[in-house]
Amino acid sequence: MNNGTQLTMLDPKRLRSELDTIASQLARRGYTLDCARLSELEEQRKRLQVATQELQNERNSRSKAIGKAKASGADIQPLLAQVADLGERLKAAQEQLTALQTELEEIALGIPNLPHPSLPDGSSEAENREELRWGEPPHFAFPPLDHVDLGVRCGLLDLEAAAKLTGARFTTLHGPLARLHRALIQFMLDLHTSEHGYTELYVPYLVNAESLRGTGQLPKFAADLFKLQGEMEYYLIPTAEVPVTNMVRGEIIDDARLPLRWVAHTPCFRSEAGSHGKDTRGLIRQHQFEKVELVQIVRPEESYAALEALTGHAEAVLQRLALPYRKITLCTGDLGFSAAKTYDLEVWLPAQNSYREISSCSNFEDFQARRLQARRRDPVSRTPELVHTLNGSGLAVGRTLVAILENYQQADGAIHIPEALHPYMGGLTQIPARVTG
RNA sequence: GGAAGGGUGGCAGAGUGGUUGAAUGCACCGGUCUUGAAAACCGGCGAUGGGUGACCAUCCGUGGGUUCAAAUCCCACCCCUUCCGCCA
C-alpha cells in the first residue's frame, strides 16, 4: 500500500506511542484530542495494513514464480489459476485501508502544534505574558489625533477614493505619505540584508494550493484567502511566509547551506472573513497591505536561538524608528495553529492609548517542515532529518505607517519623519500639515 | 497560441513487460597506500511506511487503466527545455 503522502503535522510515530503525553500538551492550548477514537482507528489501521501487505507479498512472489516458470518453458496455466482471486482480495483490502488512512489523516490535519513548555497557560490574550517594554509613549500637549484624521488633514490619505475604486478596507496614499510608505519598505529591507544577514528574495504573489497546504493555511483556513476565478487554481498570498517558506518544499538541503535567512517584501491579501466590525477605521486591518517578512530555515537544535535572534531583528526596526513597543509571549490559548512559540511585538498607538500588534515572530519547529517535506542531510548520520522553520514580520508596513503618523504628530498636524528614514525621503524631514496637490 | 523533445536516487544519466529499487559516473562515508594530503585501489552508500525482529510493503512528474506481473504498455493532467509567433 502506498504511504507516501504524509499530511500529518505532528510526528505520526509520537502520535501513536505517546498519545497521552501529546493529548495533555494539546489540552494546555484548549484542544481536546479524542484518544479513544484515535487509538481504535490506529489499531484497525495496523491490522489492515499488515493484512494488505501480506497479500501484496503473496502477489509479488507468485508473479515472480510465473516469470521464472515462463522463462524455463514450463506450463503457466496452473499457476495462473492459483492467483485468480488474489487480485480481487487485494483490491478490497487496499480500498478499506485507503479509506481508513484518509479518515486518520483528516483527524491528524486538524491537530495543532504542541505548545513549547515556556509558554504561559491561558485561554485568551489576557494571559499573554509581557516580556519587555521599550521606549516611552510620547506625551502630547494636545489631544493626539488618530492616523485617519492626521492623514486626511494632510490631504494625503483618501479612504473614500479606495472605497470607490474597490470597496471597504482598501486605501490610497498620496505624495509624501505614499513615499513614506515606500521608504519604510526600503529601510526595512536594507536593514535586514545589510546588518542582519538576510538574503532578499522576490517571489510570486500568487501561489497554488499545495504551497498553502505546506505552510498550513489550507485546508483549515480557506475562508481567510482570496482565490482567483478561472481554471488556474491560484490564490493571492496572505503573507510572504507562504511563497518563501515553500522554497524548501520537497528539498533535502545541504547542511552547509543552513541556516537559511530570507527576507521578502510582498503585498499581502486577506479576506478578513469573520472580522466584520473589527478595526473598521483606517489602515489597521486592510484586505491589501505590505509586509516585509523574515523567514529562517534552521537546524532543529538551533531554532529557539533563531527565534530570539529573529525577534530581535524585528525589534531593531522599531528601535531605529524610535517607536515605543512591547514584546509579549503568546499564551497557549492564543497561539496560532502551526506555531510552537510566538512573540508578538506591539507598537504604541497614542490615539488608541494602547499597544497594537505590528509583528508576530514564531517558531514552528518541524510542524511546517513535515508537511513541506523540508529536510536536511545530517552530516554525521547521513540520513535526512526535518528542518525547523521560523518567520516573523519585520514589519507590517501599513501598521508601521500608522504608528509613525500617530507617534510623530505635531500640534499643527504635521508629521516628523524619523531620522532613520531621512535618506529614503530625499531630504524631507517632515510631512507638512497641509499639502497641495 | 503553433511545433518538437523531456520529467528516473543528492546531482548527472542508462534502462521499453518478468529475480530492476533500478546500470554507470560524480558527490558522500569507511579502508589500503602515504610523513601528511592528493591520486590510485578496495568496500559501502536512495526515500517513506509497517514489524520487537529475521524481514515486508510502497515509491522512477501526478492521477487513473491494462496485466498473474508496469519505470517500461494505454488514457488524462501537471511541469520543464528548445524553436516559431505574440507581448509588458
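Owing to the predicted nature of the structure, the values given are computational and were not obtained by experimental measurement. So you know, we letter chains A, B, ... as the sequences are listed, proteins then strands, and number each from 1.
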For this session: From the options G10(B), A57(B), G51(B), select the nucleotide whose nearest atom is closest to the side chain of Ile252(A).
Result: G10(B)
Exercise. Quantified in whole Å, what is the P atom distance between nucleotide A3(B) and nucleotide G10(B)?
Worked result: 35 Å
Exercise. So what does Arg45(A) touch, heavy atoms closer than 4.0 Å: a base, only the sugar-phosphate, or nothing?
Worked result: sugar-phosphate
Exercise. Between Lys291(A) and Ala396(A), what is the shortest heavy-atom contact and its length?
Worked result: CG-CA, 4.1 Å
Exercise. Which nucleotide in the list G10(B), G49(B), A57(B) gets nearest to the side chain of Lys13(A)?
Worked result: G49(B)
For this session: Go through His388(A) and Phe364(A) one step at a time and tell me if the ring pair (Phe, Tyr, Trp, His ring centres under 6.0 Å) criterion holds.
Result: CA-CA 7 Å; His388(A) 281 193; Phe364(A) 303 96; over 10 Å; no
What pairs of donor and acceptor atoms, side-chain ones from residues 194-202 of chain A against any protein atom, are under 3.5 angstrom apart with sequence neighbours left out?
| unit_1 | atom_1 | unit_2 | atom_2 | d |
| --- | --- | --- | --- | --- |
| Ser194(A) | OG | Asp190(A) | O | 2.6 |
| Glu195(A) | OE1 | Arg320(A) | NH2 | 2.5 |
| Glu195(A) | OE2 | Arg320(A) | NH1 | 3.4 |
| His196(A) | ND1 | His192(A) | ND1 | 3.1 |
| Tyr198(A) | OH | Gln296(A) | NE2 | 2.9 |
| Tyr198(A) | OH | His313(A) | ND1 | 2.7 |

Exercise. Looking at U58(B), C68(B), C56(B), which one has an atom nearest to any side-chain atom of Leu80(A)?
Worked result: C68(B)
Problem set entry | Runs of at least three Watson-Crick or G-U pairs with RNA chain B, cut-off 3.5 Å | B:1-7 with B:78-84, B:10-12 with B:24-26, B:28-32 with B:40-44, B:46-50 with B:55-59, B:61-65 with B:73-77
Name the atoms and distances for all side-chain donor-acceptor pairs under 3.5 Å in residues 332-342 of chain A, with sequence neighbours left out.
| unit_1 | atom_1 | unit_2 | atom_2 | d |
| --- | --- | --- | --- | --- |
| Thr332(A) | OG1 | Arg28(A) | O | 2.7 |
| Thr332(A) | OG1 | Gly122(A) | N | 3.1 |
| Thr332(A) | OG1 | Gly122(A) | O | 3.2 |
| Asp334(A) | OD2 | Asn128(A) | ND2 | 3.0 |
| Lys341(A) | NZ | Ser118(A) | OG | 2.9 |
| Lys341(A) | NZ | Tyr343(A) | OH | 3.4 |
| Thr342(A) | OG1 | Ser362(A) | OG | 2.8 |

Exercise. Just to confirm, is there a sub-4.0 Å distance from OP1 or OP2 of C56(B) to any side-chain nitrogen or oxygen of Asn57(A)?
Worked result: no
For this session: Take atom P in A38(B) and the same atom in U32(B), then report the distance between them in whole Å.
Result: 14 Å
Exercise. Given atom CD of Glu210(A) and atom P of G63(B), what is their separation to the nearest angstrom?
Worked result: 11 Å
Seminar exercise, completed: Taken to the nearest whole Å, CG/Leu97(A) to P/U58(B) is 12 Å
Problem set entry | Partner residues of Asp158(A) under the salt bridge (charged side-chain N to carboxylate O under 4.0 Å, His left out) criterion, sequence neighbours left out | none
Problem set entry | Qualifying residues under salt bridge (charged side-chain N to carboxylate O under 4.0 Å, His left out), relative to Arg182(A), sequence neighbours excluded | none
Exercise. Which nucleotide, G51(B), A57(B), G10(B), lies nearest any side-chain atom of Arg377(A)?
Worked result: G10(B)
Could you list, one pair per line, each protein nitrogen or oxygen that sits under 3.5 Å from a nitrogen or oxygen of nucleotides 70-78 of chain B, together with the distance?
none

Seminar exercise, completed: With sequence neighbours left out, the residues meeting salt bridge (charged side-chain N to carboxylate O under 4.0 Å, His left out) with Asp85(A) are Arg89(A)
Exercise. Taking only residues two or more places apart in sequence, or in another chain, which ones meet Glu251(A) in a side chain to side chain donor-acceptor pair (under 3.5 Å)?
Worked result: none
For this session: Give one of base, sugar-phosphate or nothing for Asn60(A), where a contact means two heavy atoms less than 4.0 Å apart.
Result: sugar-phosphate
Exercise. For Arg399(A), which residues count as a salt bridge (charged side-chain N to carboxylate O under 4.0 Å, His left out) partner, sequence neighbours excluded?
Worked result: none
Exercise. NA contact type, Arg375(A), heavy-atom cut-off 4.0 Å: base, sugar-phosphate, or nothing?
Worked result: sugar-phosphate
Problem set entry | Whole angstrom value for the distance that separates C1' of A69(B) from CD of Glu58(A) | 14 Å
Could you list, one pair per line, each protein nitrogen or oxygen that sits under 3.5 Å from a nitrogen or oxygen of nucleotides 17-27 of chain B, together with the distance?
| unit_1 | atom_1 | unit_2 | atom_2 | d |
| --- | --- | --- | --- | --- |
| G18(B) | O6 | Lys70(A) | NZ | 3.1 |
| G18(B) | N2 | Ser63(A) | O | 2.9 |

Exercise. Would you say a side-chain N or O of Gln56(A) is under 4.0 Å from OP1 or OP2 of U58(B)?
Worked result: yes
Seminar exercise, completed: Which of Arg382(A), Arg299(A), Arg375(A) passes salt bridge (charged side-chain N to carboxylate O under 4.0 Å, His left out) with Asp255(A)? It is Arg299(A)
For this session: Rounded off to whole Å, could you give me the CZ-to-P distance for the Arg382(A) and G9(B) pair?
Result: 17 Å
For this session: Identify, with sequence neighbours excluded, every residue that meets ring pair (Phe, Tyr, Trp, His ring centres under 6.0 Å) alongside His116(A).
Result: Tyr304(A)
For this session: Give me the ring orientation class for His287(A) and Phe170(A): parallel if the planes are under 30° apart, tilted from 30 to 60°, perpendicular past 60°.
Result: tilted
For this session: Using whole Å, report how far CG of Asp85(A) lies from P of C68(B).
Result: 13 Å
Exercise. What distance, rounded to whole Å, do you find between the two C1' atoms, one in C26(B) and one in G9(B)?
Worked result: 13 Å
Problem set entry | C1' spacing across the pair G85(B) / A4(B), given as an integer number of angstrom | 15 Å
Problem set entry | Where at least one partner belongs to residues 244-269 of chain A, residue pairs that pass ring-ring contact (aromatic ring centres under 6.0 Å, His included), sequence neighbours excluded | none
